[in-house]
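This is the structure I want to talk about, given as structure tokens.
Just so you know, residue 1 is the first one in the sequence shown, and it goes up from there. Predicted model only: the values in this text are computed from it and were never measured.
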Amino acid sequence: MTYDPIDVNPKIMFGKPVIAGTRITVELILRKLAGGMTVSEIIADHPHLVPDDIYAAMAFAANDLALEPVC
């Protein structure tokens with residue numbers, strides 16, 4: 001499965017998944033959401049993002065967790 005707004009490149013942020021064209025990591029977005037920020041608040045902090053970027057980050061993380069082996 002591909003997530004268009006998500007880019008994984010070893011030359012950007014040590015290969016962490018980021019929103020394409022930025023250095024904003026999926027991890028940062030998830031931490032902001034976990035901290036209680038809304039999509040609107042995240043976009044206010046990073047105005048070049050759109051709601052679909054946030055949703056793609058959540059879907060990417062959920063899919064990554066679903067692929068992890070369970071011991």
Side-chain angles (χ1 to χ4, degrees):
M1 181 174 274
T2 61
Y3 301 90
D4 289 337
I6 306 298
D7 187 23
V8 179
N9 180 334
K11 295 180 180 182
I12 301 171
M13 298 298 292
F14 304 102
K16 290 184 176 184
V18 299
I19 303 301
T22 75
R23 295 176 62 82
I24 299 171
T25 62
V26 168
E27 176 186 3
L28 177 66
I29 291 171
L30 295 176
R31 288 185 184 279
K32 287 180 178 241
L33 290 167
M37 289 183 79
T38 65
V39 171
S40 297
E41 290 170 330
I42 294 170
I43 291 171
D45 279 355
H46 307 281
H48 51 282
L49 296 181
V50 296
D52 283 346
D53 294 332
I54 310 300
Y55 303 136
M58 290 188 289
F60 181 89
N63 189 57
D64 188 56
L65 288 172
L67 296 176
E68 290 290 320
V70 178
C71 297

>> Listing request: all salt bridge (Lys or Arg N to Asp or Glu O under 4.0 Å) pairs with a residue in residues 30-39, at least two apart in sequence or in separate chains.
In response: E27-R31, K32-D45
> Taking atom CG of L33 and atom CD1 of I54, what is their separation to the nearest 0.5 Å?
Replying inline: 6.5 Å
> Pick one: which of T25, D7, V26 meets side-chain contact (heavy atoms from CB on, under 4.5 Å) with K16?
Replying inline: T25
> Do you know which two heavy atoms are closest between I6 and P17, and how far apart they sit?
Replying inline: CG2-CB, 3.9 Å
>> When you group the ILVMFWY residues by side-chain heavy-atom contacts below 4.5 Å and let the links chain together, are I19 and V50 in the same group?
In response: no
>> Counting C-beta onward and ignoring hydrogens, is there a side-chain heavy-atom pair between D53 and I29 closer than 4.5 Å?
In response: no
> Other than V18, which residues form its hydrophobic cluster under the rule that side-chain heavy atoms must be closer than 4.5 Å?
Replying inline: I12, M13
